[in-house]
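Here's the structure we're looking at; comments come further down.
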Amino acid sequence: MGTDETTPPREYRMTELAEAAGITVRTLRYYRERKLIPPPRREGRVAWYDDRHLARLRTIAALLERGHTLGGIAELIAAFEGGRGVAEILGLGGAIAAPWSRETLVRLAPEELADHFADQATPENLAASLDIGYLAVDGEELVHVSSRLLDVSRRLVREGVPLPAILAAGREIRAHADALAATFTAIVREHLLPDDVPPSPEAVEHVQRTLDRLRPLARTVVEAEVALAMDRRVRADVESWLDDGVTPR
DNA sequence: ATTCTTACA
DNA sequence: TGTAAGGA
């Protein structure tokens with residue numbers, strides 16, 4: 001029926017945009033001075049804003065609502081527009097790209113993120129996801145570094161697990177995974193590589209190929225051990241539950 | 001006369 | 001952040 005909201009390519013002048021966003025014209029100009037919104041299209045004297053500006057203002061309002069400072073918001077926005085700066089702002093440096101190079105990147109429009117995680121797609125969770133390295137920013141798009149981890153996160157959220165809990169678990173598992181990787185590489189280094197390591201291109205390639213060849217074995221070991229550990233864990237929990245007659249933990 | 005900016009509080 | 005004054 002009448003669900004035909006004709007809104008797409010509209011343009012606003014200052015007063016219209018301010019009213020639509022629920023702020024004063026003075027505030028709008030202030031945001032623009034602080035680079036919180038992009039410059040409007042100038043037609044002589046008049047400034048024309050579009051829906052992107054309105055969306056940005058809504059974002060700013062939401063962030064302010066959650067207690068963020070204008071300065072912090074400005075940093076985030078600058079990072080988004082820079083496309084590469086978020087990791088630096090959060091103090092992660094280049095820790096995002098390299099370790100995940102073999103994973104499948106998933107490009108996400110911001111709307112898709114809300115689509116996947118519904119009300120859990122909050123700025124806090126977004127920041128946490130950036131911090132842990134699950135998400136990176138590329139221009140106006142978000143990039144998830146692992147299609148598999150994204151899928152698991154999505155399913156867990158649908159099952160009712162809060163996203164902050166998932167991200168916290170991700171950090172924990174990341175630390176354990178680092179330790180496992182250290183164990184595997186130590187074994188390779190000690191037993192499968194020559195003692196003296198002359199820094200030749202051939203040697204580097206040999207190391208790479210050796211690690212690639214053993215990677216599936218490491219994965220199998222971890223899978224099997226986790227399966228066994230899960231069995232032990234569940235058994236232990238159930239036993240203590242029966243003994244105490246009380247739900248553990 | 002309208003639309004914005006500047007400047008000051 | 002409001003508002004008065006002034007440029008285009």
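Note on naming: letters A, B, ... go to the chains in the order of the sequence lines (proteins, then strands), and numbering restarts at 1 for each one.
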- Query: Which comes earlier along DNA chain C counting from the 5' end, the contact point of A:Y30 or that of A:R45, where each point is its nearest nucleotide?
  - Reply: A:Y30
- Task: Work out which heavy atom in A:G71 is nearest to a heavy atom in A:R34; give both atom names and the distance.
- Result: CA-NH2, 4.0 Å
- Task: Look up atom CG in A:D51 and atom OH in A:Y12, then write down how far apart they are to the nearest 0.5 Å.
- Result: 4.0 Å
- Over how many whole Å does the gap from A:M14 atom CE to B:dT2 atom C1' extend? 14 Å
- Message: Please report the distance, rounded to the nearest Å, between CD in A:E43 and P in B:dT3.
- Response: 12 Å
- Toward the 5' end of DNA chain B, which comes first, A:V46 or A:E33, by nearest nucleotide? A:V46
- Item | Base-pair map of DNA chain C as dot-bracket, where | denotes pairing with a different strand and pairs are Watson-Crick or G-U under 3.5 Å | ||||||.|
- Judged by atom type as modelled, is there a donor-acceptor pair below 3.5 Å linking the side chain of A:E16 to the main-chain atoms of A:R13? yes
- Query: For the side chain of A:H53 and the backbone of A:D50, is there at least one donor-acceptor N/O pair under 3.5 Å apart?
  - Reply: yes
- Item | Closest heavy-atom pair and its distance - A:R56, A:P38 | NH1-CD, 3.8 Å
- Going by an N to O cut-off under 4.0 Å, is there a salt bridge joining A:R41 and A:E43? yes
- Are any side-chain N or O atoms of A:R32 and backbone N or O atoms of A:P39, one a donor and one an acceptor, separated by less than 3.5 Å? no
- Please list, by residue number, the residues of residues 22-29 of chain A whose heavy atoms come closer than 4.0 Å to an atom of DNA chain C; answer none if no residue qualifies. A:T24, A:R26, A:T27
- Item | Between C1' of C:dT1 and CZ of A:R34, the distance in whole Å | 13 Å
- A:R233/A:D237 ion pair, N-O < 4.0 Å: yes
- Query: Between atom CD1 in A:I60 and atom P in C:dT1, what is the gap in whole Å?
  - Reply: 12 Å
- Query: Where the side chain of A:T27 meets the backbone of A:I23, is there a donor-acceptor pair that is under 3.5 Å apart?
  - Reply: no
- Spacing of A:R32 atom CZ relative to B:dT6 atom P, expressed in whole Å: 8 Å
- Message: Expressed as a whole number of angstroms, how long is the span from A:R42:CZ to C:dA8:P?
- Response: 14 Å
